[in-house]
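Throughout, a chain's letter reflects where its sequence line sits, starting with A, and its residues are numbered from 1.
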Amino acid sequence: MAAPVKKPDAVRSFPKPEFTDAEAGALDFPSANSRSYNYFQPAKMRATTYEDVTFDVQPDPARHLTQGWIYGFADGEGGYPQDWTALKSSDWHRFRDPNQEWEQTIYRNNANVVRQIQQNLANAKLAKAYQNWAPGWVRFVERNLGAWMHAENGIGLHVFVACQRSAPTNMINNAIAVNSAHKMRFAQDLALYNLDLSEADIGFDGSVHRSVWHEDPAWQGVRENAERLTAIGDWAEALFATNVVYETLVGGLFRSHLVMQISARNGDYVTPSLVGTGENDFSRDLAYTRSLLSLLVRDSEHGAANVELLQTWLSEWLPVSLHAAQELQPIWSHPAERVVPFADSFAAAKDDLRSVLADLGVPEPKELSA
Amino acid sequence: MSRQSLSKAHKKITELSWEPTFATPATRFGTDYTFEKAPKKDPLKQILRSYFPMEEEKDNRVFGAMDGAIRGNMFRQVQQRWMEWQKLFLSIIPFPEISAARAMPMAIDAVPNPEIHNGLAVQMIDEVRHSTIQMNLKRLYMNHYIDPAGFDMSEKAFANNYAGTIGRQFGEGFITGDAITAANIYLTVVAETAFTNTLFVAMPSEAAANGDYLLPTVFHSVQSDESRHISNGYSILLMALADESNRQLLERDLRYAWWNNHCVVDAAIGTFIEYGTKDRRKDRDSYAEMWRRWIYDDYYRSYLIPLEKYGLKIPHDLVEEAWNRIVNKGYVHEVAQFFATGWPVNYWRIDPMTDQDFEWFESKYPGWYNKYGVWWENYNRLRYPGRNKPIAFEDVDYQYPHRCWTCMVPCLIRPDMVTEKVDGQWRTYCSETCAWTDIKAFRPEYEGRPTPNMGRLTGHREWETLHHNQDLADVISSLGYVRDDGKTLVPQPHLDLDDPKKLWTLDDVRGITFQSPNVLLNEMSDAEREAAVAAYKAGGPGGRPAAVA
């Protein structure tokens, strides 16, 4: 070992720490104890972290924004115009996300989900869990779960990412942004599951999902519904038509009332664990949607008009989603083990929609009873 | 996840998109740009399965450092001079961050490339992270720093203050007007690629030198996401360059975006770094030196200039003029002086400069004392109430400036001010480029070409107009910049909290009339206005009125 060499003398330059005593409580003076954000009214006695980090970050000329929006579109409108939806509120700022989503919850929740999925998939691979799948079940998963991932991704990207630009408050837009993250993560999880299965040596065709999504008559109603949802310009209509109508009648029908019910009987304990994460996402996403719409239908000034508008939207979107759901019926007969008849699944999905509509005070349309 | 499996996974998730046949996604946001449908790569190869745990790990480090800072009594070492400016900075920055999230669907609407949509959607989630993590940092400051006033009213003050409005461009500019101008050129190609270097790298290092290691912890974590955003912007820029008809718009937007970012970001961050620090080591970089490294060398020479070979017309003249303003025309010093002049309508306190500061400025910017030294001595002399008014209303050889209609930073380099009658109103601009931005760029036609999607400058753009001819005490009360005793002001022109007699109250500023330079300018006859403008342009540096002939 070489002898240590003394480095040439060099003056190292660095800032000097200094005792400043600039901590809370060091002195008493006016506002010395003013230690909460004082520009908004918390929903409860004390603001939550979620409220603190979200409220009023998107300013509003109706609150503190005295100079108004300083950049506008070509028509002069700037910021977040309230008329980007036909629904009205006497105070959009009353909405709080019941999931209280902010950055820590977003990453904790979603990281937990992907860890859970990765562990399940790794264990499944070790246990050769796919080897015992009947060929009929392999076909069912490759075709139908494969088709479904397109719907999740398209809606995540072109409904929810789009809508989080448009609502009048940060509280609403962030909730929608988290919804879009759920959808895209779930779509990608399904795609990567598809990749795992195509490498599992069980004759799984990892490419057939595209032709099923594009051409299989059973899936064209769902594709049409998904594509039409992306074409809605009114952000609240898109939210209602997607999370209330489509997700209960079509999303819940496929995920909850079909896949979750029949996988185990077909020897598959992996798929439900994955699809269950999508179901969990949806229950969170439906919670904020219900909470927002509930405020709007109970609005002292605009409640009645809002209920009427939701009815109009329902009359437009219910037939589309009913059609999509009914078109899916043939896939109930694909698996060897048919645990649940389509009629039961469909009835359960319609019950889910009825429950949301009842909560919102929207009269049940006759098509739902048909 | 290995690189090979990441590539395979990424290839798989690109299978998720499809060409719709029943209906196409609503186009909410227009652009005058056109894009060839050439398939392009998603530069990020980011999949959410690896993204969420990666960000969670980054979060854990940030929150661990926060706990450590509290346990280690960090606030016994932070410099109040520095922390006070964070009341302004952290009131502004969460809005641009969340605006960047809101801008992503505009880019997705405009760019027909499903492969890049994934990267843009991930950026959206990043931006929600940035906005809320910064709000949370501010919350921690409010809870643990000696003086919470100003932090406690943060987002309200941001929305009703002149400085907040200047910062708000860096946000509203991302989400309005032409989708590519806003969400790509202004936001990503210029703001994120160039100016986050000074915002999120240079400034945090100054924070650390002032005893605050939480700002670097949070903002370096934020900055580690920015490289992905820069890739998004670069990909879209290359797609835009593929179409010849976009060249004219790219040239316009790069000029606007570069200049506006310079005006806004250099004003704010330059002031924080130069006037918010107590670190006066002669070998620490000045803002000008940091700018040369991070903006001129790393961005302009390494990123922009190479794009010339793809046909992008680079605003060399504006890059050089920005540098000229910083190093020769005293841009940052003029802005800091203006912030200090306007202290009664701020929501933070500004520490006077000392002899040590003077010495440092003189060494970094030779000639500084002759331009600004005496004014800062006056600021120091007038810092307590009782015998004098706030400095803006005393005779200290300083003319309150006109405000730039476009960038809303005042016209501080007085010979450069441009005055034009636009849309029936006399407007003042800090520079030819800001005049061009309002008069030529943000219009429905550009150089004979229809630009129906281009945005507009809107709102009450001169803040002073809102308060013209009001009593200063009433202005401050209406803004809410009063402490919880109902009389002591949130802003103070010093840091001395130990003696109530040193703290300005509403009574100390009552009877002073606040006026708008723009209203006064528009009330003048043509002859009066011409004379006033000529005199104004003959003034400076350091805000000195022109000598009377």
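The choice from Cys163(A), Ala181(A), Gly72(A), Ala151(A) that makes the most heavy-atom pairs within less than 4.5 Å of chain B is Gly72(A). Interface summary for chain B: among Phe55(A), Phe29(A), Tyr80(A), the most heavy-atom pairs under 4.5 angstrom belong to Phe29(A). The greatest number of non-hydrogen atom pairs below 4.5 Å with chain B, out of Met184(A), Arg185(A), His150(A), is found for His150(A). Counting heavy-atom pairs closer than 4.5 Å to chain B, the top residue among Gly25(A), Ala26(A), Gly156(A), Ser36(A) is Ser36(A). Options Ala187(A), Ser198(A), Ala226(A) differ in how many heavy-atom pairs under 4.5 Å they form with chain B, and the most are formed by Ala187(A). With chain B as partner, the option from Arg63(A), Glu77(A), Lys16(A), Met149(A) having the largest number of non-hydrogen pairs under 4.5 angstrom is Met149(A).
In this structure, Thr132(B) contributes its side chain and Glu103(A) its backbone to a donor-acceptor pair below 3.5 Å. Checking side-chain atoms of Thr458(B) against main-chain N and O of Trp69(A) turns up a donor-acceptor pair under 3.5 Å.
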Just do the side chain to side chain donor-acceptor pair (under 3.5 Å) check on Glu15(B) and His209(A) with the steps written out, would you? CA-CA 9 Å; Glu15(B) 293 176 12; His209(A) 62 89; 2.7 Å; yes

Should Thr49(A) and Arg139(B) be marked as a side chain to side chain contact (heavy atoms under 4.5 Å, CB included) after you check the CA-CA gap, both sets of side-chain angles, and the distance that decides it? CA-CA 9 Å; Thr49(A) 303; Arg139(B) 189 172 180 259; 3.4 Å; yes

List the steps and the verdict of side chain to side chain contact (heavy atoms under 4.5 Å, CB included) for Met74(B) and Glu23(A). CA-CA 8 Å; Met74(B) 183 186 88; Glu23(A) 67 180 347; over 6 Å; no

Apply the test side chain to side chain donor-acceptor pair (under 3.5 Å) to residues Arg223(A) and Thr21(B): give CA-CA distance (whole Å), side-chain angles for both, the deciding distance (0.1 Å), then the verdict. CA-CA 9 Å; Arg223(A) 185 161 70 85; Thr21(B) 58; 2.8 Å; yes

Stepwise, does the salt bridge (Lys or Arg N to Asp or Glu O under 4.0 Å) test hold for Arg115(A) with Glu56(B)? CA-CA 12 Å; Arg115(A) 267 193 295 272; Glu56(B) 188 195 33; 2.9 Å; yes

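Counted by atom type alone, Gln77(B) and Asp21(A) present zero donor-acceptor pairs between their side chains at under 3.5 Å. A donor and an acceptor atom, one from each side chain of Ser166(A) and Arg102(B), are nowhere located under 3.5 Å apart. In the model, Thr66(A) has no side-chain atom that pairs as donor or acceptor with a side-chain atom of Asn160(B) under 3.5 Å. When only modelled atom types and interatomic distance are considered, Gln79(B) and Thr20(A) share no side-chain donor-acceptor pair under 3.5 Å. Using modelled atom types and a 3.5 Å distance limit, the side chains of Ser34(A) and Asp484(B) yield no donor-acceptor pair.
To the nearest 0.5 Å, the span separating CG on Leu48(B) from CG on Leu192(A) amounts to 9.5 Å. Note that the CG atom of Asn453(B) and the CG atom of Asp75(A) stand 10.5 Å from one another [nearest 0.5 Å]. Rounding to the nearest 0.5 Å places NZ of Lys156(B) at 6.0 Å from NE2 of His64(A).
Contacts classified as ring pair (Phe, Tyr, Trp, His ring centres under 6.0 Å) and involving residues 152-185 of chain A (residues at least two apart or in different chains) are given here: His158(A)-His117(B).
Aromatic ring orientation, Tyr186(B) versus Tyr71(A): tilted (interplanar angle from 30° to 60°). Relative orientation of the Tyr107(A) and Phe52(B) rings is tilted, given thresholds of 30° and 60° on the angle between their planes.
With a threshold of 4.5 angstrom between heavy atoms, Arg210(A) approaches chain B through side-chain atoms but not through N, CA, C or O. For Phe19(A), the parts lying near chain B are the backbone and the side chain together; criterion is any non-hydrogen pair under 4.5 Å. Heavy atoms closer than 4.5 Å to chain B are found nowhere in Leu229(A), neither backbone nor side chain. Proximity to chain B (any heavy atom under 4.5 Å) is shown, for Ile70(A), by both the backbone and the side chain. Proximity to chain B (any heavy atom under 4.5 Å) is shown, for Glu152(A), by neither the backbone nor the side chain. When heavy atoms are compared at a cutoff of 4.5 Å, Asn170(A) approaches chain B by way of both its backbone and its side chain.
Dense packing is recorded around NZ of Lys502(B), with more than 12 heavy atoms of other residues, nucleotides or ligands lying under 6.0 Å away.
With sequence neighbours left out, Tyr50(A) forms a ring-ring contact (aromatic ring centres under 6.0 Å, His included) with no residue at all.
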